[in-house]
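These notes concern the structure reproduced below.
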Amino acid sequence: MIDALNRDHGLGSNLAFSRHASGLVIGEVDTVACRASFFLHGAHVASYKPKTESIDLLFMSAEAVFEDGKPIRGGIPICFPWFGAHASDPSMPAHGLVRLAPWDLVSSEIQDSAVVVRLGLTTGHWQLIYEMSFGAKMRIAFTATNQSTSAQTCELALHTYFDLQDSSQTEIRGLEQLAYLDQLTKTEMQATGKPIEFDQETDRIYFGSVNQIVIEDRARGRRVYVTPENSSSSVVWNPWIAKSQRMADFGDDEYQRMCCVETARIGRNKLDIGSHDSETVAFTVATD
Ligand code: TA6
């Protein structure tokens with residue numbers, strides 16, 4: 001399988017496939033602009049490091065589990081076709097099915113000196129294409145096509161874990177003017193007018209579109225810019241102390257070194273896609 005992947009989709013030293021220590025198939029990107037990696041399992045982007053950076057932009061837990069059928073704690077899990085718990089069936093996994101499934105490799109190419117890889121999955125009446133573009137910036141684009149004869153709704157969150165030197169010295173800017181749902185209290189909250197800072201468990205769904213979200217990691221002196229496309233929901237999450245201790249695949253102190261900023265279409269802003277229509281939700285990540 002690995003030989004066939006490299007024969008058909010490898011791009012020399014710019015993109016090569018191998019068997020990860022866990023047994024999962026991993027694609028590794030290495031160009032003049034960046035290094036990155038992704039698993040076919042869950043179409044899971046695991047790392048992205050521009051050559052200008054000494055530390056990966058994405059966080060991966062030291063306790064992460066890399067197994068078929070299980071979510072990976074870090075990088076960019078894909079939550080689809082539902083976000084959070086299933087609306088009616090408690091036996092269904094949180095955040096949907098596609099982050100647990102093996103995706104197929106559709107294409108790979110060099111575009112404008114970036115490595116662009118497309119993965120595909122058909123699940124139910126959804127045909128999915130996940131496009132990962134790794135260059136001086138990273139662009140992630142999720143396209144869902146409704147193959148049924150009637151309109152269908154679905155939720156999507158690109159659940160990105162960002163690596164921080166110190167979450168207690170981090171500021172998230174760009175969402176100040178939006179109301180949000182506090183997931184911990186299930187309470188609708190008014191816009192705060194202030195950047196988000198972490199000093200406790202934070203789990204918020206912001207409703208509305210924004211041009212850009214800035215993650216200012218003051219301790220590291222790094223700014224990360226997230227530019228969403230066709231996303232009218234954003235999720236911001238830090239588990240903080242107690243929840244970190246409850247997650248087996250997450251170190252007790254790892255809340256200090258990460259936050260999630262998620263480009264999404266969930267809740268009242270979920271996707272509603274007509275028969276044989278498609279919608280694409282995307283985001284770009286860049287640094288100074
Ligand atoms: O996006 C935030 C959130 O919904 C939190 O409530 C927390 O559950 C997190 O996702 C992680 O979910 P997971 O199923 O990956 O453990």
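As the structure lists them, so they are numbered: ligands from 1, and atoms in each ligand from 1. Everything numeric here is computed off the predicted structure, so don't read it as measured data.
- Taking a 6.0 Å sphere around CG of N211, one finds it holds 12 or fewer heavy atoms contributed by other residues, nucleotides or ligands.
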Practice task
Go through the steps to decide whether F66 and F39 satisfy the test ring pair (Phe, Tyr, Trp, His ring centres under 6.0 Å), and finish with yes or no.
Solution key: CA-CA 9 Å; F66 300 90; F39 292 99; 5.4 Å; yes
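- With T202 contributing its side chain and Q200 its backbone, the two residues share a donor-acceptor pair below 3.5 Å.
- Residue pairs meeting the side-chain hydrogen bond (donor to acceptor under 3.5 Å, both in side chains) criterion with at least one member in residues 29-49, sequence neighbours excluded, are D30-K51, S37-S47.
- Heavy atoms of R99 found under 4.0 angstrom from ligand 1 belong exclusively to the side chain.
- Among all protein heavy atoms, the one lying closest to atom 12 (O) of ligand 1 is H95 NE2, 3.3 Å.
- For residues 191-212, the pairs satisfying salt bridge (charged side-chain N to carboxylate O under 4.0 Å, His left out) are E197-R218, with sequence neighbours left out.
- For atom 9 (C) of ligand 1, the closest non-hydrogen atom of the protein is H159 NE2, 3.6 Å.
- M247 does not count as a contact of ligand 1, since none of its heavy atoms falls under 4.0 Å from the ligand.
- When the heavy-atom distances from atom 7 (C) of ligand 1 to F250, Y161, W237 are ranked, the shortest goes to W237.
- Here is the list of ligand 1 atoms found below 4.0 Å of a heavy atom in V235: 1 (O).
- Residue-ligand proximity, K243 to ligand 1, at heavy-atom distances under 4.0 Å covers atoms 7 (C), 8 (O).
- Using a 4.0 Å cut-off between charged side-chain N and carboxylate O, E53 and R222 make a salt bridge.
- Distance from atom 11 (C) of ligand 1 to its nearest protein heavy atom, with residue and atom name: R73 NH1, 3.6 Å.
- Separation of atoms CD (E28) and OG (S13) is listed at 12.0 Å; rounding is to 0.5 Å.
- With N238, D249, D203 as candidates, the residue nearest to atom 6 (O) of ligand 1 on a non-hydrogen basis is D203.
- Neither the backbone nor the side chain of E201 has a heavy atom within less than 4.0 Å of ligand 1.
- A salt bridge does not link K70 to D249: none of the charged side-chain nitrogens sits closer than 4.0 Å to a carboxylate oxygen.
- Summary of contacts: the protein heavy atom closest to atom 1 (O) of ligand 1 is E262 OE2, 2.7 Å.
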